[in-house]
Amino acid sequence: MRILAEGEAPYLAVDPDGFRAFVRDHKQRALKPKLMSAHDAISRFVADGDYFVFDCNYFQRGPSTLVREVIRQGKRDLWLCGKFSYVDVGLLVGAGCVSRIDCGFFWPGATIDRAVADGRVRVFEYSNVVMTLRLQAGAMGLPFLPVRSFGGTDGFRHSGAKLVEDPFTGQPITLAPALNPDVAIIHVQQADVYGNARVFGTGIAHQESALASKKVIVSAEEIIDTEEIRRDPGRTSVPYYAVDAVVHAPFGAWPGNCGGYYGSDTPAVIETFAAIARDRVSEYVEKHVAPFADDAAMFDALVGQERLEKLRAAETITEGYRP
Amino acid sequence: MRILAEGEAPYLAVDPDGFRAFVRDHKQRALKPKLMSAHDAISRFVADGDYFVFDCNYFQRGPSTLVREVIRQGKRDLWLCGKFSYVDVGLLVGAGCVSRIDCGFFWPGATIDRAVADGRVRVFEYSNVVMTLRLQAGAMGLPFLPVRSFGGTDGFRHSGAKLVEDPFTGQPITLAPALNPDVAIIHVQQADVYGNARVFGTGIAHQESALASKKVIVSAEEIIDTEEIRRDPGRTSVPYYAVDAVVHAPFGAWPGNCGGYYGSDTPAVIETFAAIARDRVSEYVEKHVAPFADDAAMFDALVGQERLEKLRAAETITEGYRP
Amino acid sequence: MSRGDGTVAAGTPASSFNEREMQICTVARMVEDERTYWVAGGGGPMYAVLLAIRLYAPGAQYITEDGVIAPEPLLPFEPVMTMVSSRAGYRALAWGTMNTAGNHAQLGLMDYGLLNTLQVDQHGNINSTAIGTYGERARRFGGPGGADSIAALCWRTVLMTDQEKRKFVERVDFISSPGFLDGTEGARERAGLPPGTGPHRVVTPWAMYDYTTDRRLRLAARAPWVTVEQILAECEYPPVVADEVGVLSGPTEEELQILRSELDPRGQNTGERSAWVVFDGETYTRAAG
Amino acid sequence: MSRGDGTVAAGTPASSFNEREMQICTVARMVEDERTYWVAGGGGPMYAVLLAIRLYAPGAQYITEDGVIAPEPLLPFEPVMTMVSSRAGYRALAWGTMNTAGNHAQLGLMDYGLLNTLQVDQHGNINSTAIGTYGERARRFGGPGGADSIAALCWRTVLMTDQEKRKFVERVDFISSPGFLDGTEGARERAGLPPGTGPHRVVTPWAMYDYTTDRRLRLAARAPWVTVEQILAECEYPPVVADEVGVLSGPTEEELQILRSELDPRGQNTGERSAWVVFDGETYTRAAG
């Protein structure tokens, strides 16, 4: 099984045995309540220098409240899993939280352009699917997974992937290195206090991110009773023993759409895009994050109950989202 | 990436490109009704010599009606994916349908013992999880998947697996060859006429088997309207374009338990075990299969509506099974 | 593809439209009925497939990167809410995740991939990562997103881009998503990509391109209001030109009616800055954009 | 493990029980609270963990091969309906599939694996495939099922088997599921198995075994009604014998009450042919089975 080609980029060390040992020593097997504030979850479980994955994004059932809290707490030197992202990467880069990005996709603009040009941020190249596949490998406890895409691109040359000779077919096959992030933040519609979490609608890699990551923070629109979880176990997307913190975060995906719960806040979405495009993230942070103790305070000051209710009313679709 | 050890058993050729070409040429992309009788589905889609996978088993939400139809039509020379099986393997071997078995687990007994001793059937050794992982590799369009189990066993020596040096960690890692069966039979609680299928409760590898197999037959307790599928897309376990035939098979898992629909028929379960244990499969077939055009006729003659209603009533659990 | 090469449209020629609408209508006519499409999230590709399903290919099905399978979306979309969004995933036959989409395409279940891009080269390679010299002086863009998987795994890739000099180059500054790579026979297979896949068409507001048997971009058809010379003037690297360059039909009133009133009433994507064209019943006249 | 080595039981010593019940109670007392168990489908292992959750380890959680996670099963089970069955999966926290169980164990989430087996050897290797010379004159059995994954991936493997000569051998006829393989240091790791995993205990109706630091099976404790000599007489290959062989407690009335009335009222598993033992308050006397 010869190695035919290898990417030249640094990548998070592949260490399935080390991850197993971490899981053995730190993942809670017992049913213990994990409900805490966004502030406590982020301060306890996100450390400077962490490899950081967020599922979905700031506009689409993503952990927007948790992203704002990461910025509020001024975390530094994060290595981002930058897949399927619109503004999340730009916001975190603009807020000075980021030193490295594994790129699947992020919304470009002056903020990232400048950070990369100045050498403040290094970018390594993948694709969205290759990143979710790396997370799947990590979620399976494996060192790598094969993939039929990515080979031959310049991304491959600037990644941690390898092209090898498949010992079964003799043909070339790309191997993507497993990814076991230090921390994952995920927003879901429903979770119980133990971390049994339900995602409704499509997703990106919530299950993979939760199982692959050392520390997992789940924010939820609703905290539901465990009895409800037990009444429909087929709806559980992430089991409790993968989860370290549960945050009750109504409108936790604002300004995005949270399927079955509320529509997106279009002016706020456009305002966020503009901040990235014009490298005005600091102004965005000054307005939406810095002045407030938490999102509840921010919603009161900048959005208001009436507007939030309008967003709820705008979400007319419930089929498939409300069991 | 050196090869450190290799199993010596024959295994179904690994050919992801060939499978892609088959999918391109034969899988129906359009929404076309696929409803047909068990007889027509088995005669059209199961050929002598096929590699044959059944999901779950004869006693546990398995495709028992379809297994009986395979026996009724006297299919020959099948290569069985013998994972998580109680009597299925023994019944098919005893009925003379089988020449090879990839073993995860099957209920042993005189029938199989004799067939193996006589050399009528060859057995290759895996484990249940290694078999479902091989199906997952096939369902991902990959030539193999790594696995952290199986290495060091005598099963490995009598399998198609390989132990290689992981190019990322330098440690030994086992690779399991992908499996793309010729045909899969799967029993589900609900499906629409196009093959969008819903499984409730746990399962073995219904999704993997459906996506990995060239020809897929789904039998369902209920045929539901596609409108119902569209009202809750998160409940779809298998999408239509993987499926070739849909069979309406009430009590299709008899004598087993079908979660939310009916309990197991204990005397019939014990009778089936006895047939395998004492190598009396031919008598079993003479009684349950041969005399009848289909299962409906068999149920009328041997079980009766009253008994079937009792089995329905015995299934008091509906939570998680009836959306 | 149904309606052959998209040069033929059904209906009444529209009297006034913009070139973005022209591009979307051209692609819509190329959509093959009863085939599967992996459509890049949002923008021209999604409007093209939705328009096709309404008018030309009612049995075409599409998936998106987030694992939406065969939806009947609730239109119009809110800005950027084209994936992991309740309206975009409405009435799907199944909901999965990104790995669902990747696996199904990897299995060969996706006939066509439909993409937007920043830059394309003579071998159909796609750049959405950086313009300039990567790692040195380059303008940074967003990366391949789902495009790399679409271009690698779907059987045929259809690309949408603008007809601008800097977009049609000899070699892209960065191969984000694979075309025919260096253009040699078997280059994709040598890189581990599945055989029988690759670039199929490129569509701009002015032109449609296919590929020669030796895997080079070829100008196949033009909009009625531009000449081959005008198109070539907007290609930094000149494509091969077909012996007979076809002429694309302009949009029809029926197409625009659906596009403007049902699919994109706010003109979010179809109203983008792009030149307007008027048709007096005989000739098309372009008003500089 | 909670209650140390299972030699201590809480409650009133039972006056009459069979040896299968003894074995299940012994394992139940070894179950560690607030730990995860991958339990082989049905039989002694499942009754042992269910009994433990009732009496000794209320916070222990278990999964089964079909992806049932932390259920509260509706007892009793119908015969063989211990997996992919509505009663066995009742009130679970999550439902998955076989690959769910395999992946979660592969990730290191399963503290203990609990198994039945046909044959075990001095290094804890497990045979459930064939007795005799494989491929020549052998009696065929069912294969590893889930046991190979359990024995390879859970942190500690606890084995249940009968105390019979042919079950305790120098080397199993076929390694279906891995113990310490050839017993040399690092043998499991050289075979690609995760480090820090492996055989932990073997429990029979008469005895409990652990392993020496050099990975050999060691007799650690005996039932009160049998001698070390009797146990060794039922081992084809003699295990190491601990300097101090502990004495296991007999079942308690509380344990049997739950086992017989709630878990297995039909005696499907606990009523198997096995010798009966009576306790007169001072001594245990075994009535040949």
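The figures here come from the full heavy-atom set of this structure, side chains too, leaving out hydrogens, waters and symmetry mates. Everything quoted here is computed from the prediction, not taken from an experiment. Each chain gets a letter, A, B and so on, in the order its sequence line appears, and its residues count up from 1.
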Examine whether an atom of [X] lies under 4.5 Å from a heavy atom of chain D, and if so say whether it belongs to the side chain, the backbone or both; otherwise answer neither.
X         : result
Val129(B) : both
Val123(B) : both
Thr132(B) : both

Can you check whether [X] reaches [Y] side chain to side chain, under 4.5 Å on heavy atoms?
X         : Y         : result
Thr97(D)  : Thr202(B) : no
Thr266(B) : Met81(D)  : no
Cys56(B)  : Met98(D)  : no

Report which part of [X] has an atom under 4.5 Å of a heavy atom belonging to chain B: side chain, backbone, both, or neither.
X         : answer
Leu74(D)  : side chain
Leu193(D) : both
Tyr90(D)  : side chain
Glu189(D) : backbone

Inset, instruction - Please list, in residue-number order, every residue in residues 148-158 of chain B that has a heavy atom less than 4.5 Å from any heavy atom of chain D; write 'none' if there are none. - result: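 So far as heavy atoms go, Arg148(B), Ser149(B), Phe150(B), Gly151(B), Gly152(B), Thr153(B), Asp154(B), Gly155(B), His158(B) are the residues that approach chain D to under 4.5 Å.
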
Legend entry - Residue-level contacts of residues 79-92 of chain B with chain D, using a heavy-atom cutoff under 4.5 Å: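 Within residues 79-92 of chain B, the residues that come under 4.5 Å of chain D (heavy atoms only) are Phe84(B), Tyr86(B).
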
Legend entry - Worked check of side-chain contact (heavy atoms from CB on, under 4.5 Å) between Arg140(D) and Phe106(B): CA-CA 10 Å; Arg140(D) 176 76 212 191; Phe106(B) 49 75; 3.6 Å; yes

Legend entry - Glu78(D) versus Ser264(B), side-chain donor and acceptor atoms under 3.5 Å: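 No, because no side-chain N or O of Ser264(B) sits under 3.5 Å from a partner of the opposite role on Glu78(D).
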
Legend entry - With sequence neighbours excluded, residues passing side-chain contact (heavy atoms from CB on, under 4.5 Å) with Gln171(B):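 By the side-chain contact (heavy atoms from CB on, under 4.5 Å) rule, Gln171(B) matches Thr169(B).
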
Inset, instruction - Select, from Ala152(D), Gly142(D), Gly143(D), the one with the greatest count of heavy-atom pairs under 4.5 Å involving chain B. - result: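 Heavy-atom pair counts peak at Gly142(D).
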
Legend entry - Selection from Gly102(D), Ser85(D), Gly89(D) maximising heavy-atom pairs under 4.5 Å formed with chain B: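 If we count pairs closer than 4.5 Å to chain B, Ser85(D) comes out on top.
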
Inset, instruction - Go through Glu208(B), Glu125(B), Arg122(B), His206(B) and name the one with the most non-hydrogen pairs under 4.5 angstrom from chain D. - result: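 Of Glu208(B), Glu125(B), Arg122(B), His206(B), Glu125(B) has the most heavy-atom pairs under 4.5 Å with chain D.
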
Inset, instruction - Determine the minimum heavy-atom distance between Gln60(B) and Val80(D), stating which atoms define it. - result: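 Looks like NE2-O, 2.8 Å.
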
Legend entry - Closest contact, heavy atoms only, Ser86(D) versus Glu315(B):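 Scanning both residues, the minimum pair turns out to be OG-OE2, 2.6 Å.
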
Inset, instruction - Would you check if the distance from the ring center of Tyr321(B) to the ring center of Trp95(D) is below 6.0 Å? - result: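 That pair passes the under 6.0 Å test.
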
Legend entry - Which residues share a ring-ring contact (aromatic ring centres under 6.0 Å, His included) with Tyr58(B), sequence neighbours left out: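 Applying ring-ring contact (aromatic ring centres under 6.0 Å, His included) to Tyr58(B) gives none.
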
